[in-house]
Amino acid sequence: MSDNSTEKKSVAKTRNFIHELVEKDLLEGKNNGRVHTRFPPEPNGYLHIGHAKAICLDFGTAEKFGGKCNLRFDDTNPSKEDQEYVDSIQEDVRWLGFDWEDRLYYASDFFDDLYNFAVRLIKEEKAYIDDQPADLISQQRGTPTKPGTESPYRNRPIEENLDLFERMKKGEFQNGHCVLRAKIDMTSPNMHLRDPLMYRIMHAEHHRTGNKWCIYPMYDFAHGQCDYFEGITHSLCTLEFEVHRPLYNWFADQLADGDYRPRQIEFSRLNLSYTMMSKRKLLQLVEDKLVNGWDDPRMPTISGMRRRGFTPHAIRNLVEKVGITKTEGMVDIAVLEHAVREDLNKSAQRVMGVLDPLKVIITNYPEGEIEMMDAINNPEDESAGQRKVPFTRELYIERDDFMENPPKKFFRLAPGTEVRLRYAYFVKCENVIKDENGNITELHCTYDPASRGGNSPDGRKVKGTLHWVSATENVEAEVRLYDRLFSVEDPANQKDTDFRTLMNPDSLIVLQKCYIEPFVKEAKPLDYFQFERLGYFNIDKDSNNEKMVFNRTLTLRDNWTKQMG
RNA sequence: UGUCCCAUGGUGUAAUUGGCAACACGUCUGAUUUUGGUUCAGAAGAGUCUAAGUUCGAGCCUUAGUGGGACAACCA
């Protein structure tokens, strides 16, 4: 009902500077009113939350203007790429809720077209083969402040270039023997225009084209051209490609016949505090086994976040909250966490679990009796219904829900005080049992039979309501608690420090024996829950009936813990 | 000795030039609550990097500074 108005509001808020540029193009009648974008990952790693921003923007912009968005794998460097990544990327994009329909492309689909285009440029004296080694070419390129100098091979005759290029393709040369360069301007203030490389020799097996090719196009020569071949109108990318734009346009001008030109527009990438978003470094974490794979719940990868219990809706919501600009900033991880809690609070099934058990014996409750208490599945959603929770003489409560010498404003159980066991009874602590070391081993309590369901007919109130689990009727589970992987706000930007030393040693805590109400037996992997008063959890993908494993997605906000410092 | 980009509360974003700036997160109060959650009510917090200019009027336009970032991979 009110959902409609919030929907409208959020759609209106999605407007950004890219939408304005697209609207302007449309108004000027460019591209026959077409809007066509693409999401172009290189399959050299798993997608992370930063990619989610690009995905939402690419697909979102197309959708907003009734256009289309392609998925394209930018697979021009076979030495780093792999089919595993191709598969995971598709799974993750779909999971986020986007659909490229039948428009799945690979840069490698266009290798022939790119080759032909290169030949054309050679014939037009706009490209040449350079036989110099990499370091010499690099030297001649100059620096950002000093102009470059021309290669001695720059004015090679067309026929010789054609011949050499063909022999490059045929595999007559070894890696690094020569390259194809565009002939532009070695004195340009823009480094990328100083005769950029178009092709290099790489004798490597490609995950799709196998050994068909031993020369591969460079990013600048492939990307814009693929945009052109696919009919992309707006090529959205991150800020670091801003300086590439003149080159992007130069190639487009050489290639284009009519009026149609793809247009590159840049936006700032997502930076999240305490989060590492470099594929290279994430790969290193995986390879060094500092995490348990790309989908480790601590990873900022889409697959890791999925396993952790984050929802696609929450991730898309974060992207919307963060907005699209060219300002490079650092988004507080709290914004993401808020988006997750906001979503989970509305949708998560409530359940009671005890992570650190303290046994409670209800001395005046009959031994062997099991009472099924009614519990609400989700107070935010009446349609979620109710369930039964078994209540018995012996129970577990959370160890820190009891204090022998409670400070003021402690609402929970203490000697002589009365609290409510949620959905069950009022109980009063009569006796504290300790072992020889003085550690509390169990509590003896009495219950008020008249308070069944959690209210006393005499109207008396209690300060606290505790969650609990029957000590005999329960599910035993392993629970994994996660904290941030890095303990510094900007782990990517610590110069001179190995980022691995910045990792939080307490980022993963495994609790072996925890007790959860029987209800969870019916759930399946990746289902998520809110454990009353403890936080959001989901069932790990590796969980099974013999061993249930839960991941803690996030804690609940907790004022009491905050007060305690 | 360059070229390009950016600059609004702590953070991220808004603001047809025309009432000294709005929203979200975070923070802090208070109320309600069978989750110290949620919800609700409220508060604090910037005068828009600086300077000059245009204008009756500038966060927005101009110029010059300042600060930050990108660019010198046979990576993308």
Side-chain angles (χ1 to χ4, degrees), chain A residues 9 13 15-16 40-42 44 74-77 79-81 107 130 133-135 137-139 141-148 175-181 188-194 197-202 215-216 218-220 222-223 237-246 266 268 270-271 273 279-280 318 320-339 341-342 345-346 350 352 375-376 379-380 409-412 420-424 453-455 462-467 530-536 555-563:
Chain A
K9 223 195 268 171
K13 228 196 127 195
R15 266 185 71 87
N16 58 55
E42 183 188 12
N44 67 343
D74 219 338
D75 55 351
T76 57
N77 183 2
S79 68
K80 290 186 176 174
E81 297 154 6
D130 196 332
D135 56 343
I137 289 177
S138 166
Q139 236 172 40
R141 194 152 24 223
T143 69
T145 52
K146 276 187 208 123
N175 288 357
H177 182 268
C178 57
V179 292
L180 181 70
R181 300 177 71 180
S188 169
N190 184 328
M191 298 285 294
H192 296 278
L193 261 15
R194 321 238 261 230
L197 270 56
M198 292 164 60
Y199 270 94
R200 79 287 212 182
I201 301 170
M202 191 187 291
I215 58 172
Y216 291 94
M218 302 289 292
Y219 167 83
D220 285 304
H223 198 102
C237 64
T238 47
L239 245 29
E240 66 266 29
F241 294 103
E242 212 155 23
V243 272
H244 293 242
R245 198 185 335 135
E266 309 85 10
S268 67
L270 174 68
N271 294 313
S273 60
K279 261 198 219 172
R280 211 195 94 242
L318 167 82
E320 195 175 300
K321 281 174 204 281
V322 159
I324 305 293
T325 62
K326 298 186 80 159
T327 322
E328 298 179 77
M330 173 78 76
V331 175
D332 196 325
I333 192 77
V335 181
L336 204 215
E337 291 174 351
H338 174 264
R341 289 195 182 98
E342 188 178 46
N345 175 55
K346 280 186 223 135
R350 268 57 169 179
M352 291 195 288
I376 291 165
E380 307 292 321
K409 291 174 83 175
F410 181 77
F411 299 168
R412 282 111 90 172
R420 168 169 44 231
L421 294 179
R422 185 149 215 217
Y423 303 127
N455 275 313
V462 288
K463 286 185 296 185
T465 301
L466 306 189
H467 59 278
Q530 186 194 92
F531 286 13
E532 305 261 6
R533 295 194 44 240
L534 292 179
Y536 297 100
T555 57
L556 254 35
R557 296 170 45 158
D558 188 345
N559 288 328
W560 169 249
T561 333
K562 238 188 298 178
Q563 270 177 39

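Since this is a predicted model, take the numbers as computed values, not measurements. Each chain gets a letter, A, B and so on, in the order the sequences are listed, and its residues count up from 1.
- Nucleotides B/rG2 and B/rG47 place their P atoms 33 Å apart, quoted to the nearest Å.
- Using a 4.0 Å heavy-atom cutoff across all strands shown, A/Asn175 reaches no nucleic acid atom at all.
- A 4.5 Å side-chain heavy-atom check between A/Phe531 and A/Leu556 finds every atom pair outside the cut-off.
- A/Ala334 comes within 4.0 angstrom of the backbone, heavy atoms only, and of no base.
- Judged by Watson-Crick or G-U wobble contacts below 3.5 Å, the nucleotide B/rU62 has B/rA52 as its partner.
- Searching all strands for a Watson-Crick or G-U wobble partner of B/rG42 with both distances below 3.5 Å returns B/rC28.
- Using a 4.5 Å cut-off on side-chain heavy atoms (C-beta onward), A/Val331 and A/Lys321 make no contact.
- Side-chain atoms of A/Met352 and A/Leu466, non-hydrogen and from C-beta on, never get closer than 4.5 Å to each other.
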All N/O pairs under 3.5 Å across the protein-nucleotides 64-68 of chain B interface:
none

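- Here B/rC74 is the nucleotide among B/rC74, B/rA24, B/rA76 with the atom lying nearest to any side-chain atom of A/Val179.
- With both ends at atom P, the span from B/rU13 to B/rC75 equals 33 Å, rounded to whole Å.
- Applying the 4.0 Å criterion to OP1 and OP2 of B/rA76, one finds that A/Thr76 has a side-chain N or O inside that range.
- Between A/His244 and A/Tyr219, the two ring planes are perpendicular [angle over 60°; tilted spans 30° to 60°].
- Nucleic acid contact for A/Pro133: base, since at least one base atom lies under 4.0 Å from a heavy atom of the residue.
- A donor-acceptor pair under 3.5 Å links the side-chain atoms of A/Arg341 to the main chain of A/Thr555, judged by distance alone.
- Atom name C1', nucleotides B/rG10 and B/rG26: the rounded distance is 8 Å, in whole Å.
- Residue A/Ile333 contributes atom CD1, which lies 17 Å from atom P of B/rU11 at whole-angstrom precision.
- Between A/Glu380 and A/Arg350 the shortest side-chain heavy-atom distance falls below 4.5 Å.
- Formation of a donor-acceptor pair under 3.5 Å by the A/Thr76 side chain with backbone atoms of A/Tyr216 is not found in this model.
- The partner of B/rA76, taking Watson-Crick or G-U wobble pairs whose two distances both stay under 3.5 Å, does not exist in any strand shown.
- Between A/Tyr216 atom OH and B/rA76 atom P the separation is 12 Å, expressed in whole Å.
- Considering every non-hydrogen atom in both A/Arg141 and A/Leu197, the closest pair reads NH1-CD1, 4.1 Å.
- At least one side-chain nitrogen or oxygen of A/Ser138 sits closer than 4.0 Å to the OP1 or OP2 atom of B/rA73.
- B/rU33: no Watson-Crick or G-U partner with both key distances under 3.5 Å is found in any strand.
- Picking from B/rC74, B/rC75, B/rU13 the nucleotide with the shortest atom distance to the side chain of A/Arg141 gives B/rC74.
- Whole-Å rounding puts the A/Asp332 CG to B/rG26 P distance at 9 Å.
- Residue-level contact check: A/Ser79 touches neither bases nor backbone, having no heavy atom under 4.0 Å from any strand.
- Contact annotation for A/Phe241: base contact, defined as any heavy-atom pair under 4.0 Å involving a base atom.
- Across the protein-nucleic acid pair, A/Leu336 atom CG and B/rA24 atom C1' stand 14 Å apart, rounded to whole Å.
- When the side-chain nitrogen and oxygen atoms of A/Arg194 are compared with OP1 and OP2 of B/rG2, none of them lie within a distance under 4.0 Å.
- A close approach under 4.0 Å does not occur between any side-chain nitrogen or oxygen of A/Thr327 and OP1 or OP2 of B/rC6.
- Checked against A/Asn44 for a side chain to side chain donor-acceptor pair (under 3.5 Å), the options A/Glu81, A/Lys279, A/Lys80, A/Arg280 give a single hit: A/Lys279.
- Rounded to whole Å, the P atom of B/rU54 lies 33 Å from the corresponding atom of B/rU1.
- At a threshold of 4.0 angstrom between heavy atoms, the contacts of A/His244 include nucleobase atoms, whether or not backbone atoms are also involved.
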Once each nucleotide of nucleotides 35-45 of chain B is scored for protein heavy atoms under 4.0 Å, what B/S/- sequence comes out, 5' to 3'? BBBS-------

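- Rounded to whole Å, the separation between the C1' atoms of B/rU16 and B/rG9 comes to 25 Å.
- Taking atom P on both nucleotides, B/rA46 is separated from B/rU33 by 36 Å, rounded to a whole Å.
- One can place CE of A/Met218 at 5 Å from P of B/rA76, the figure rounded to the nearest angstrom.
- Rounded to whole Å, atom C1' of B/rA73 lies 13 Å from atom CZ of A/Arg181.
- Contact annotation for A/Met352: no contact, since no heavy-atom pair falls under 4.0 Å across all strands.
- No side-chain heavy atom of A/Met218 sits under 4.5 Å from any side-chain heavy atom of A/Val179.
- If you check B/rG67 for Watson-Crick or wobble pairing at under 3.5 angstrom, you find it paired to B/rC6.
- When distances are taken from the side chain of A/Pro144 to each of B/rA72, B/rC5, B/rA76, the shortest belongs to B/rA72.
- Contact record, A/Asn271 with A/Gly329: ND2-O, 3.0 Å, taken as the closest heavy-atom pair.
- In this structure, A/Lys146 and A/Asp130 both approach RNA chain B, and ranking their closest nucleotides by distance from the 5' end singles out A/Lys146.
- Heavy-atom nearest nucleotides on RNA chain B were determined for A/Tyr219 and for A/Thr145, and the one closer to the 5' end corresponds to A/Thr145.
- Taking syn as a glycosidic angle within 90° of 0, B/rG30 does not qualify and is anti.
- Residue-level contact check: A/Gly323 touches neither bases nor backbone, having no heavy atom under 4.0 Å from any strand.
- A heavy-atom distance below 4.5 Å is not found between the side chains of A/Arg422 and A/Arg533.
- A/His338 has a side-chain polar atom (N or O) that falls below the 4.0 Å cut-off from OP1 or OP2 of B/rC25.
- Here, B/rA58 and B/rA15 have their C1' atoms 13 Å apart, quoted to the whole Å.
- Nucleotide B/rA22 has B/rU13 as its partner under the Watson-Crick or G-U criteria, with both atom distances under 3.5 Å.
- A/Gly176 comes within 4.0 angstrom of a nucleotide base, judged by non-hydrogen atoms across all strands.
- When rounded to the nearest whole Å, the span between NE2 of A/His223 and C1' of B/rA76 equals 9 Å.
- A sub-4.0 Å separation between OP1 or OP2 of B/rU27 and a side-chain N or O of A/Lys562 is present.
- Residues A/Leu180 and A/Ile215 have side chains not in contact (no heavy-atom distance under 4.5 Å, counting atoms from C-beta outward).
- Each of B/rC75, B/rC71, B/rU3 was ranked by its minimum atom distance to the side chain of A/Met191; first place goes to B/rC71.
- If you take atom C1' in B/rA73 and the same atom in B/rU63, they sit 39 Å apart, rounded to whole Å.
- We find that CG of A/Leu466 is positioned 16 Å from C1' of B/rU33, with the value rounded to whole Å.
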